[in-house]
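The structure appears right after this line, and notes come after that.
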Protein chains: 4
Amino acid sequence: MNARPHNISRLSERAQAQKERILSAAQTCFIEHGFHAAGMALIAETAEMSPGLIYRYFDNKNAIILAIVDRQLENARTDIRALHHAPDLAAAALNAFDCWRRADPRLMNAALFMEMNAEASRNPELAAALSSFDAEIQKELTNWLTAPVSAGGKGLPAQLAAIRAISLKCFMEGLTARALREPDIKPALLRAAITEFMAHLTAA
Amino acid sequence: MNARPHNISRLSERAQAQKERILSAAQTCFIEHGFHAAGMALIAETAEMSPGLIYRYFDNKNAIILAIVDRQLENARTDIRALHHAPDLAAAALNAFDCWRRADPRLMNAALFMEMNAEASRNPELAAALSSFDAEIQKELTNWLTAPVSAGGKGLPAQLAAIRAISLKCFMEGLTARALREPDIKPALLRAAITEFMAHLTAA
Amino acid sequence: MNARPHNISRLSERAQAQKERILSAAQTCFIEHGFHAAGMALIAETAEMSPGLIYRYFDNKNAIILAIVDRQLENARTDIRALHHAPDLAAAALNAFDCWRRADPRLMNAALFMEMNAEASRNPELAAALSSFDAEIQKELTNWLTAPVSAGGKGLPAQLAAIRAISLKCFMEGLTARALREPDIKPALLRAAITEFMAHLTAA
Amino acid sequence: MNARPHNISRLSERAQAQKERILSAAQTCFIEHGFHAAGMALIAETAEMSPGLIYRYFDNKNAIILAIVDRQLENARTDIRALHHAPDLAAAALNAFDCWRRADPRLMNAALFMEMNAEASRNPELAAALSSFDAEIQKELTNWLTAPVSAGGKGLPAQLAAIRAISLKCFMEGLTARALREPDIKPALLRAAITEFMAHLTAA
DNA sequence: CATGAATGAGTGTTCATTCAT
DNA sequence: AATGAATGAACACTCATTCAT
């Protein structure tokens with residue numbers, strides 16, 4: 001009766017699972033070796049499949065890179081949104097810092113973030129993805145900073161909110177570099193820096 | 001008698017000049033194409049010498065990358081020191097932003113900075129260089145922030161200065177990402193964000 | 001009792017139909033892309049079946065090529081026979097020229113003819129097929145040229161007929177190359193050349 | 001004194017010799033396996049060099065194919081010109097037939113001719129080369145057929161000469177196919193066919 | 001009978017590195 | 001000291017063929 005739809009669904013599920021497997025493997029490889037040094041053969045081996053099979057699911061290596069970036073951006077979006085409604089902003093930022101240090105293939109990762117930025121300066125498609133993501137984040141942050149306090153916002157005037165959003169992006173992205181260069185930074189210091197900055201950020 | 005030392009010295013001078021020529025060429029190529037995409041043939045051509053000759057002065061491509069990173073860090077050090085004595089911090093930061101956007105082969109460059117960070121996450125030697133550089137900068141910034149106003153400092157207590165130094169590093173490195181992703185950001189907005197942050201940074 | 005034969009016959013019929021479907025698809029693909037550039041996936045798609053299924057009917061791609069060549073030769077045979085009884089030889093040759101230029105998947109095609117000849121120089125099986133086809137054509141042409149005029153022939157002595165048959169084969173096959181290299185040749189010129197040659201051919 | 005020019009000349013000589021070595025190897029491979037089936041690795045091995053080295057002398061495989069075709073066309077041009085001044089046209093044509101059968105890498109070869117034609121239907125650059133060659137030959141043949149007998153020509157009117165040139169191209173190219181399909185054709189028969197056709201061709 | 005996911009050897013091409021000169 | 005021709009392993013990618021379902 002519904003046998004056919006069920007079958008179709010299962011096939012599609014499998015394809016999706018395969019794509020996921022490839023992306024996870026690719027992310028692991030990219031973090032470990034970089035976009036260029038991670039060869040398709042290594043990705044295939046990591047994904048436990050033949051190199052040829054990857055091309056059934058992705059047109060080429062660049063498509064994989066783009067998909068990875070999309071995934072990372074999606075994670076970043078989630079992080080940002082969590083930031084909005086966090087009762088304790090500083091705690092949320094500290095948690096993000098912790099994530100960045102780790103190499104969990106499902107999470108945003110500092111090294112990958114650097115690689116993405118570097119690669120974008122030569123890969124226009126990737127640059128476009130990052131650019132549109134950036135605009136999106138800017139808007140979201142501004143919305144949050146302008147929203148009335150009663151709605152969980154910070155009630156800042158629009159002009160100031162735009163400026164503060166830029167500041168916040170700078171600070172958070174700079175934190176990414178910290179996660180790479182001082183992964184063992186004294187938590188108390190880092191917390192203090194973040195807390196202080198967040199206080200400044202949301203001040204009227 | 002002293003003919004030999006004299007000769008050696010002249011040879012050494014020449015060797016140094018050759019190394020310099022290679023590094024300049026390499027930096028130009030790396031900024032324009034990235035570490036991976038810039039081939040030895042291109043570097044050799046840019047340095048106006050044969051590919052083979054490069055290997056008389058550097059063991060391999062990686063050694064060149066290391067040397068370039070050292071050079072960039074030296075540049076960054078100079079920038080930082082200039083920042084200290086700048087009458088107008090915000091103006092200095094804005095100027096730095098401008099430099100990053102450009103691909104001037106003699107200057108620190110945002111894309112190369114990202115590439116360095118990405119590469120460091122796989123190359124321990126490079127990571128160590130960046131780490132020690134980081135510590136150095138942290139110290140220098142702290143010194144500046146703790147120095148009495150009469151000495152051009154900001155007169156902050158040591159504990160607070162350390163925290164603010166971290167903040168400043170975050171902000172400035174985040175600015176690097178901005179230079180890549182929003183090279184055409186409205187200058188007024190950027191200036192406002194920087195000015196505001198700097199005021200916060202040096203507040204008691 | 002006769003259920004089985006009946007079944008077998010029906011299966012065989014179906015198998016034949018499938019083979020036909022594959023060959024038609026393959027011919028279309030080969031004409032459009034050549035033997036090498038036409039992949040099994042494309043042939044399968046054109047035949048509206050899965051790649052795997054093709055291997056139930058043909059051992060490998062080469063077997064398909066062989067079968068296609070056989071088909072093309074059969075077409076050529078038919079063309080030749082039609083030529084015999086044509087009231088106007090030149091018109092028939094001109095018509096053939098037109099067919100060769102086109103990429104009609106059901107007709108002999110100039111590019112495919114070249115590819116066949118090229119491939120035959122490496123594939124003995126194919127060479128043998130072409131050779132025996134050639135002998136057959138030679139015989140048929142000779143018969144036609146020696147047959148009395150009353151029987152639609154040209155009434156030439158056997159020795160001369162053999163020579164003229166060779167000439168005709170040369171000319172017609174050369175026409176194939178013309179179809180490829182000068183598909184837009186002025187029809188009047190071509191017609192004149194063909195007419196003149198045909199007159200020479202059948203002269204006593 | 002002239003040491004440098006001499007050196008330069010010798011280097012250039014070497015490069016030329018290498019190109020020649022590659023082309024000879026490639027031609028051998030192409031004749032034996034076809035343009036597609038002959039891989040760069042095989043060509044390199046045949047030329048007794050590494051695959052990478054080939055790319056110092058040719059941009060890509062297609063450039064090699066084009067160069068081979070140019071070489072073949074140059075040979076064909078020579079053949080055609082020899083045909084003009086031959087006291088015995090038929091003998092010259094028979095000699096050409098003999099060359100085509102052989103696989104001498106320096107001579108025009110029937111199998112390669114077929115491959116060229118087949119490939120041209122997919123390779124526009126190659127098609128253009130063949131097309132311009134064809135126009136050149138047409139002109140040369142027409143010149144010869146219209147030239148006064150006193151100048152070694154055949155003294156035909158221009159219109160007729162154009163038609164006969166087409167006929168000759170057809171016949172000679174058809175002969176190519178004969179060389180492939182009936183390499184062991186009875187020489188007497190072939191000579192008779194050629195002689196007869198040539199007589200027709202040059203008749204007023 | 002039929003599918004299409006999967007394989008893996010193969011493709012043309014690149015490039016860091018070496019070495020005879 | 002300097003060259004640049006030469007290497008060969010690696011790269012991203014393709015495709016005829018197989019096989020579990």
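Just so it is clear: chains get the letters A, B, ... in the order the sequence lines come, proteins before strands, and each one is counted from 1.
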Among the candidates E/dG4, F/dA1, E/dC1, find the nucleotide nearest to the side-chain atoms of C/Y57.
E/dC1

Over all atoms of both residues, closest heavy-atom pair of C/A118 and D/A111
CB-O, 4.3 Å

With the side chain of D/M40 defined as its heavy atoms from C-beta on, choose the nearest nucleotide among E/dG12, F/dA6, F/dT17.
E/dG12

What nucleotide, of E/dG4, F/dA5, E/dA16, holds the atom closest to the side chain of D/L53?
F/dA5

Counting side-chain heavy atoms from C-beta on, which of F/dT17, E/dA16, E/dA5 comes nearest to C/Y55?
F/dT17

5'-most contact on DNA chain F (nearest-nucleotide basis), B/E48 vs C/A38, goes to B/E48

For D/E32 and C/R122 the tightest heavy-atom approach is O-CG, 3.0 Å

Map A/G52 and D/A37 onto DNA chain E by nearest heavy atom, then report which one ends up closer to the 5' terminus.
A/G52

If you assign B/R56 and D/Q18 each to the DNA chain F nucleotide with the nearest heavy atom, which residue ends up on the more 5' nucleotide?
B/R56

Considering heavy-atom distances to DNA chain E, does D/F35 or A/M49 have its closest nucleotide positioned more toward the 5' end?
A/M49

Looking only at heavy atoms, which two atoms of C/A67 and C/F58 are closest? And how far apart?
CB-CE2, 4.1 Å

Atom CD1 of C/I64 to atom C1' of F/dC15: distance rounded to whole Å?
14 Å

Between C/S24 and C/R71, is there a side-chain donor-acceptor contact under 3.5 Å, judged purely by atom types and distance?
yes

Starting at atom CG of D/L66, determine the distance to atom P of E/dG12, rounded to an integer number of angstrom.
16 Å

Hey, could you give me the CD/CD1 distance between B/Q27 and B/I68, rounded to the nearest 0.5 Å?
4.5 Å

In whole Å, I'd like the distance from the NZ atom of A/K19 to the C1' atom of E/dA5.
15 Å

Measure from NZ on D/K61 to P on E/dT14 and round the result to the nearest Å.
15 Å

Interatomic distance where CZ belongs to D/R21 and C1' belongs to F/dA6 [whole Å]:
11 Å

Proximal nucleotide (of E/dG4, F/dT17, E/dT7) relative to the C/N60 side chain:
F/dT17

From CG of C/D59 over to C1' of F/dT18, roughly how many Å is that when rounded to an integer?
14 Å

Output the distance between atom CG (B/N117) and atom CG (B/L130), rounded to the nearest 0.5 Å.
6.0 Å

Measure from CD on A/E45 to C1' on F/dC11 and round the result to the nearest Å.
16 Å

What pattern of brackets, bars and dots sums up DNA chain F from 5' to 3', given Watson-Crick or G-U wobble pairs under 3.5 Å, [ ] for crossing pairs and | for another strand?
.||||||||||||||||||||

When rounded to whole Å, the NE2 to P distance for the pair C/H36 and E/dG12 reads 12 Å

Within the 4.0 Å heavy-atom criterion, would you say A/A44 contacts the bases, only the backbone, or no part of the nucleic acid?
nothing

Could you tell me whether the phosphate oxygens of E/dT3, OP1 or OP2, come under 4.0 Å of any side-chain nitrogen or oxygen in C/S50?
yes

Out of curiosity, D/H36 NE2 to D/I65 CD1, how far, rounded to the nearest 0.5 Å?
6.5 Å

Going from CD1 on C/I43 to CZ on C/F30, what distance comes out if it is rounded to the nearest 0.5 angstrom?
4.0 Å

Winner on side-chain proximity to D/R14, out of F/dA16, E/dG4, F/dA5, is F/dA5

